[in-house]
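Working notes, beginning with the structure itself.
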Amino acid sequence: MQYGHFDDSNREYVIETPETPLPWINYLGSESYFGLISNTAGGYSFYKDARLRRLTRYRYNNAPLDSGGRYIYLRDNNASDSARTWSPSWMPTRTPLDFYECRHGMGYTSIRSKLNGIESQTRYFVPMGENLEIWELTLTNQRDEAADLSVFSAIEFNLWDAMDDATNFQRNYSIGQVEVVDGVLYHKTEYRERRDHFAYFACSEKLTGFDTQRDDFLGAYRGWDSPKVVETGQSADSITHGWQPIGSHHVKVQLKAGEQKKIIFILGYHENPKDAKFDPPESQTINKHTVLPVISKYLKADEVEKAFQVLRVHWDNLLEKFQVTTPDVHTNRMVNIWNAYQTMITFNMSRSASYFESGIGRGMGFRDSAQDLLGFVHLIPERARERILDIAATQLETGGAYHQYQPLTKRGNNDVGSGFNDDPLWLVLAVTAYVKETGDFGILSEPVTYDNKPGSEEALYGHLQRSIQYTLDRLGPHELPLIGRADWNDCLNLNCFSDTPGQSFQTTTNKDGKVAESIFIAGLFVLAAKEMADLVESYKLKVSGLTFNVQPSTFYLEAANKMESTIWAAGWDGEWFRRAYDDFSHVLGSKENDEGKIFIEPQGICVMAGLGVEDGRAEKAMNSVDEHLATPHGIVLQQPAFSKYYLHLGEISSYPPGYKENAGIFCHTNPWVMISEAKIGRGDKAHDYYSRINPSAREGIGELHRCEPYVYAQMIAGKDAATYGEAKNSWLTGTAAWNYVAITQWILGIRPTYDGLQVAPVVPSAWEMFEVARSFRGVRYVVRVERKGSGNNVQLAVDGKSISGNIIPLPAENVKEVQVRVTIN
Ligand code: BGC
Ligand code: NOJ
């Protein structure tokens, strides 16, 4: 069953019913001001940091699930029937509508509905470069007679720190403050003391009334589904003093038959200079001189339209960077539109704010951000560069890393700390991906602090060296890397041994961590060390006069080779790679185990690192994945699932079988297998796995999948679960970046290298041809690939001339477009 359809030419997903299995959301904003918006206008907004600068309130895990958002109420002032008041976005009144459609697009959402001849369309978006969101409401009277309508807007202000807002009522019920001037509602709680920012909510029309106190708007004991003010048509003109500040405008609209009217609302965030907060200076009144020009600009319909077009063009330009036409519509749509879009969202949000991440608990992840960047880097390399330098600046002098950092302060998060021993290695992959994309070797000499401490700066290159050294300094009894608190799998907590409710599995450490080892980190190390060797080779060629010490590439190659031998000696189980050794030095992920015999992560990472590709053992590992882990809904994380809690394994065994890390289809890991399949030349298999978790290909099973069909979810319940096939935790997952890498670089095979763009497709045997247009270092490559034989060997002709090898040499500086003909033999 489907709840909507893709409109690929407009790059939109069109939801045809408000009653989707779960709220199906979108994101607004691309730089500093962000919002989440559901298909029924639920959600919230924040500036940079979903915890510390939250503008509007949202209650997670509420009933109904998605209440609170960017609401508009309409009131037919002449009608006397039950459809007198309604929500044009269906929620929160849930009045049955004659027509409903929500279009989620690139950075905007538009909800259109009709009831009793009144059509309304609300387009929500954040203009580029601004810290505000626009709700552009267009009302059309399709009746034969005039309509007398009241329009009410409604948002609930959050008192900035979302955690405090949800917990500290004895204080917060006394601090709420607003100002209402010329129809603009200013929310200024805490502005009188340490904050220099405030929020505002403005409307383009003359107001009939307004409200800023929640109880006056809703009425005591009422909810958002039946506000008293909307019912009676009379705003209370309330000014909040403490309690719950809200913003609601009331506009009366008379529409002749056939007449249309636009009403614009803007909700924004604004900062004033510390010494110019008040006007007059001695008062407690907000200085509005700095914000009023912005407000008046965006209350004009033509400015709004202009800003919307700028946003459209921005996305056209971004997505143009990689466009593909293959025989598979789901591949095309995900690569060309939604997967690329999702990589931007994960880049911006990391794992902070979604409908499954509260924006409070987890800031930006070190490993998460490093991986998110892999799918995003070609879109806006300058932002990737900044992100790399920000993350690296939180790295510790040991080479270790804070597991998370706060987006607002860009500092490491002490609550979670460090000791996740895979973390630093992902930085190597991020930096090398960035340099291959851009050719910007200069980033390697950027001075970057450790732990944000001034004076500790070292060239970024030194950070990478320390990342590698960090692993080498922490080897266990088998010479494999010690796992620390956890590796990529946050739930494999081999040093935790927690039997106390409420303890964090990730940060509780009851063992000294000198025994438990990770084969996953070993594989990741080989991959990263080989990347370092390649980097050094290319770097030395490009840069002269280095002022710091660069290890020779042989150092990294020797380290990689040594680790490879260790993996073959202690990490190979005969048919697949093992997963770990626990605190008793017992193996995990081996045929010796009753549960957790085989895990997906080491198969993917070791083959990606090249292990066994030449001698058939990689193929063996992949065949084992197919046999033991693959399901029609994707590849599960391990088998057999853990049937009970094991003190020595930690959180992984806390999940019921089939969910999350305990044998769920943890989608992030699936592309590692796709890449590995491509590495061993099996294009059919690689693309088959790609299709199993492709959300667009799952659109038709919406009642089972339940999450949005346009973005990846972190998890699909595995075969051991009662709800096998059901997705959860959509949007913020490393799945986005890794699938993008798997399909574009390894299946389609269009890969940035230090020396040029490589074309090495490993595509399904049934594909006779495909075309890619890819921008790379300022040049547009138009690549047309045709299959002549059944293998994966390619022959390239660049602008009509045959070349040897599969790397297109960088063209002369003035060349802006290159035509490439590829035959697969
Ligand atoms: C989840 C993991 C996640 C971790 C973060 C766990 O509960 O299962 O997927 O990485 O929390 O702290
Ligand atoms: C989600 C986390 O964000 C990510 O860092 C981790 O690798 C996976 N869960 C697996 O546990």
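Position 1 is the first residue of the sequence; numbering continues from there. Quick caveat: nothing in here was measured; it's all calculated off a predicted structure. Numbering of ligands and ligand atoms starts at 1, following listing order.
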Which of parallel (below 30°), tilted (30 to 60°) and perpendicular (above 60°) describes F520 and W426? tilted
Atom 4 (C) of ligand 2 has as its nearest protein heavy atom D368 OD1, 3.2 Å
Subset of ligand 2 atoms that lie under 4.0 Å from at least one heavy atom of R351: 3 (O)
Using the ring of each side chain (for Trp, its six-membered ring), is H668 parallel, tilted or perpendicular to W488, with breaks at 30° and 60°? perpendicular
Below 4.0 Å from ligand 2: does a non-hydrogen atom of H668 turn up there or not? no
In this structure, atom 3 (O) of ligand 2 is nearest to the protein heavy atom R362 NH2, 2.8 Å
For residues I388 and R385, determine if any side-chain heavy atom of one lies less than 4.5 Å from a side-chain heavy atom of the other. no
Using a 4.0 Å heavy-atom cut-off, which part of Y655 comes near ligand 1: side chain, backbone, both, or neither? side chain
Using ring-ring contact (aromatic ring centres under 6.0 Å, His included), reason through F666 and Y659 one step at a time and then give a plain yes or no. CA-CA 9 Å; F666 209 94; Y659 292 99; over 10 Å; no
Which label fits F420 and H403: parallel for a plane angle under 30°, tilted from 30 to 60°, or perpendicular past 60°? parallel
Can you tell whether the side chains of R579 and D487 come within less than 4.0 Å, N to carboxylate O? yes
Contact with ligand 1 for R351, non-hydrogen, under 4.0 angstrom: no
Nearest protein heavy atom with distance in Å, relative to atom 10 (O) of ligand 1: D490 OD2, 2.6 Å
Centres of the Y740 and H378 rings: under 6.0 Å? yes
heavy-atom search around atom 11 (O) of ligand 1 in the protein gives Q506 OE1, 3.9 Å
Quick test: of every protein heavy atom, which one is nearest to atom 11 (O) of ligand 2, and how far off is it to 0.1 Å? E661 OE2, 2.5 Å
Nearest-neighbour protein heavy atom for atom 6 (C) of ligand 2, which is reported as residue plus atom name and distance: W488 O, 3.2 Å
Using a strict cut-off of 4.0 Å, indicate which atoms of ligand 1 neighbour a heavy atom of E661. 1 (C), 2 (C), 8 (O), 9 (O)
Exactly one of K591, E592, E517 clears side-chain contact (heavy atoms from CB on, under 4.5 Å) with R578, and that residue is E592
Could you tell me how the ring of Y646 sits relative to the ring of F642: parallel (under 30°), tilted (30 to 60°) or perpendicular (over 60°)? perpendicular
Looking only at protein heavy atoms, which one is nearest to atom 1 (C) of ligand 2, and what is the separation? Q714 NE2, 3.6 Å
For atom 7 (O) of ligand 1, the option (of E651, H403, R367) bearing the nearest heavy atom: E651
Show me which atoms of ligand 1 lie under 4.0 Å from any heavy atom of K660. 1 (C), 2 (C), 8 (O), 9 (O)
Could you walk me through whether Y581 and H586 pass the ring-ring contact (aromatic ring centres under 6.0 Å, His included) test, one step at a time? CA-CA 5 Å; Y581 287 90; H586 294 154; 9.4 Å; no
Region of F666 that comes within reach of ligand 1 [heavy atoms, distance under 4.0 Å]: side chain
So if I count the atoms of ligand 1 from 1 in the order they appear, which ones are less than 4.0 Å from some heavy atom of Q714? 9 (O)
